[in-house]
2 protein chains.
Amino acid sequence: MGIFSKTCEYAIRAVFFIAHKTAGQSSRVGIKEIAGGIDSPEPFLAKILQDLSRKGIVQSTKGPNGGFYLDAASLLRPLSDIVEAVDGDDIFYGCGLGLKQCSEINPCPLHNEFKEIRNRIHHLLQDTKIGEFNDELITGILSLKK
Amino acid sequence: MGIFSKTCEYAIRAVFFIAHKTAGQSSRVGIKEIAGGIDSPEPFLAKILQDLSRKGIVQSTKGPNGGFYLDAASLLRPLSDIVEAVDGDDIFYGCGLGLKQCSEINPCPLHNEFKEIRNRIHHLLQDTKIGEFNDELITGILSLKK
DNA sequence: ATAATAAAGGATGTTTTTATCTTTTATTAT
DNA sequence: ATAATAAAAGATAAAAACATCCTTTATTAT
């Protein structure tokens, strides 16, 4: 088990992939190419992108030359938008030991330590923009496969 | 989805509970009391403790006056031992985006940022000992329920 | 208009995680 | 020895996550 669900891992990788493939050039990229580009099961990823599209995080058009893309505004959105859309905000606000009532006044043993870690994750994802890695992905410095 | 699996959340809370109930006094605490004390499903927790017992992280004896307890050495073990036993070490070493080949020479876009976060989690859990919160748990400053 | 294309939508299947129940084994007190 | 107790072990079940397949809808090119 990682920090994110598998669904969310695929989602983030897919959005990065769409971003670097379509940023600037008014082009689209199809589900097949995306799935191949991030090593994910195609039909499962289709469902994930369908959901992200409904939620306005990615854009899409049907038909020939259709596919997924990201408009200028989407490229500037923080990664946290993807995570919240897919996994919710538990990773940012939930108790590390799973206690519903855990809080400042009723803390679990790890409350303060985990608060810092969760905050750090939250800030990292808020400060990182979807379009931020396009250059490095194009040049191959960064990887989205396997 | 939290940082840990539900199984692991229950495991940590249960071990904390056993620790503060039995530390010092050569007493034992039964599965029923533990499950009640940490708000967990009793039969599921029984399986978890059975596993932790096999792995030597908690001690147990059967029969009347039997139950679970922690010896002196166990009380000094780090929390990371519980997490590794239950969830494995993915949380410490795995790629945030789920990439098997992610590494320094083939990094995903979030590699360095996540490395720091994972390290921080790792160090926190290595530096925190199982018996560390007994006093606060007895006095009720800290909570393991709901 | 028509055929081809590609995502959207809906139904379904599989695997893993979470949870329960029943029987067995070890220990203790009588 | 026997009965009572409590964890261990094994089998089973329910829920959630992960994954696939088939049909429909929107778009484009001819």
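All heavy atoms count here, side chains included; hydrogens, waters and symmetry mates do not. Reminder, nothing fancy here: chain letters follow the sequence lines and each chain counts from 1. Because the structure is a prediction, the values reported are computed rather than measured.
- Base pairing of C:dT30: its partner is D:dA1, meeting the Watson-Crick or G-U wobble criterion (both donor-acceptor distances under 3.5 Å).
- You'll find that the side chain of A:Gln50 is closest to C:dA8, out of D:dC18, D:dA8, C:dA8.
- Between the P atom of D:dA6 and the CZ atom of B:Arg28 lies a distance of 13 Å, rounded to the nearest Å.
- Taking 4.0 angstrom as the limit, B:Ser60 places a side-chain polar atom (N or O) nearer than this to OP1 or OP2 of D:dA8.
- Taking atom CZ on A:Phe44 and atom P on C:dT15, their separation rounds to 15 Å, with Å as the unit.
- A parallel orientation is assigned to the rings of B:His122 and B:Phe92, their planes being inclined by less than 30° (bins at 30° and 60°).
- A sub-4.0 Å separation between OP1 or OP2 of C:dT17 and a side-chain N or O of B:Thr7 is absent.
- Following rounding to the nearest Å, A:Lys32 (NZ) and D:dC21 (C1') show an atom-to-atom distance of 14 Å.
- Checked by distance alone, B:Lys47 brings a side-chain donor or acceptor within 3.5 Å of a matching partner on the base of D:dA9.
- Of the two residues near DNA chain D, A:Gly66 and A:Lys6, the one whose nearest nucleotide lies more 5' is A:Lys6.
- Under the 4.5 Å side-chain criterion, counting only non-hydrogen atoms from C-beta, B:Leu52 is in contact with B:Val86.
- Separating the CG atom of A:Asp90 from the C1' atom of D:dA16 is a distance of 15 Å, rounded to the nearest angstrom.
- Between B:Ser53 and the phosphate of D:dA7, there is no side-chain N or O to OP1/OP2 separation shorter than 4.0 Å.
- Among C:dC21, D:dC18, D:dA19, the nucleotide with an atom closest to any side-chain atom of B:Pro43 is C:dC21.
- In summary, the side chains of B:Arg28 and B:Thr61 do present a donor paired with an acceptor at a separation below 3.5 Å, with no hydrogens or angles considered.
- Atom-to-atom, CG of A:Asp87 to P of D:dA16 comes out at 16 Å; the value is rounded to the nearest Å.
- OP1 and OP2 of D:dA7 both lie 4.0 Å or more from every side-chain N or O belonging to B:Arg54.
- Between the C1' atom of C:dA6 and the CZ atom of A:Phe68 lies a distance of 9 Å, rounded to the nearest Å.
- Looking at A:Ser74 and A:Asp71, their side chains do bring a donor and an acceptor atom within 3.5 Å of each other.
- Side chain to side chain, A:Glu136 and A:His20 fail the donor-acceptor criterion of an N or O pair below 3.5 Å.
- Rounded to an integer number of Å, the gap from A:Asn65 CG to C:dA7 P is 11 Å.
- The side chain of A:Lys62 lies closest to C:dA8 when the candidates are D:dA19, C:dA29, C:dA8.
- When rounded to the nearest whole Å, the span between CD of B:Glu9 and P of C:dA19 equals 10 Å.
- In the set C:dA8, D:dA8, D:dA4, the nucleotide with an atom closest to the side chain of B:Pro64 is D:dA4.
- Note on B:Tyr10: every side-chain N or O is 4.0 Å or more away from OP1 and OP2 of C:dT18.
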